[in-house]
Amino acid sequence: ASFEGFSASFPLQCSEYTQGCRGGFPYLVAKWSEDVGLLPAHCMPLDAEAEDAPSCQAKCQGEGLGQGERYRASGHRYVRGGEDAIIQELASGPLAVSFKNDRDLLQYTGGLWEAPPLDDDVGDGAGSTGDGFI
């Protein structure tokens, strides 16, 4: 049996937890997918035109999944502890990673990117305690 996959447009266009085509965080998509549920891809296909005029209009509501049933995410959480914790999580399942980037990253064109030095008076603003986070 083959599995169709989930609609990427459903959380992208409909979730109030993310910023749509302007970005967001994997954790919030997972949280919304737990709260609301996911639809099969054919219910709301990805549409490149939708970025300019987003619309939350699904063609179906997951018929055939059973009465009141939707696929839902579970077990989502932030991972703390640096590289060792990330490697441990990778061994047990999928891992989505996000980071808050410096505006200078917008100029990135390739190769190894190095962030500009931080002003000691300002701090990094990312909320990290040195252990790293995902």
Within 6.0 angstrom of Glu16 CD, more than 12 heavy atoms from elsewhere: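 Above 12, so yes.
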
For [Y], does its backbone N or O pair with a side-chain atom of [X] as donor and acceptor, under 3.5 Å?
X: Ser33; Y: Ala73; result: no
X: Glu4; Y: His42; result: yes
X: Arg72; Y: Leu38; result: no
X: Ser92; Y: Glu89; result: yes
X: Ser7; Y: Met44; result: yes

Linked, directly or transitively: Val29 and Tyr78 (ILVMFWY side chains, under 4.5 Å):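 Val29 does not cluster with Tyr78.
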
Single-linkage hydrophobic cluster Ile87~Leu95, side-chain heavy atoms < 4.5 angstrom: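 They do not share one cluster, since no chain of ILVMFWY contacts under 4.5 Å joins Ile87 to Leu95.
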
Nearest-0.5 Å distance, CG of residue Leu46 to CD of residue Gln13: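 Here the rounded value is 8.0 Å.
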
Atom pair OG/NZ of Ser9 and Lys59 - distance to nearest 0.5 Å: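 Between atom OG of Ser9 and atom NZ of Lys59 there are 10.0 Å.
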
side-chain contact (heavy atoms from CB on, under 4.5 Å) assessment of Gln88 paired with Asp84: CA-CA 6 Å; Gln88 183 176 352; Asp84 290 340; over 6 Å; no

Aromatic centroids of Trp32 and Tyr27 separated by under 6.0 Å: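 Ring-ring flag for Tyr27/Trp32: false, centres at least 6.0 Å apart.
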
Worked check of side-chain contact (heavy atoms from CB on, under 4.5 Å) between Leu39 and Tyr71: CA-CA 7 Å; Leu39 292 177; Tyr71 294 106; over 6 Å; no

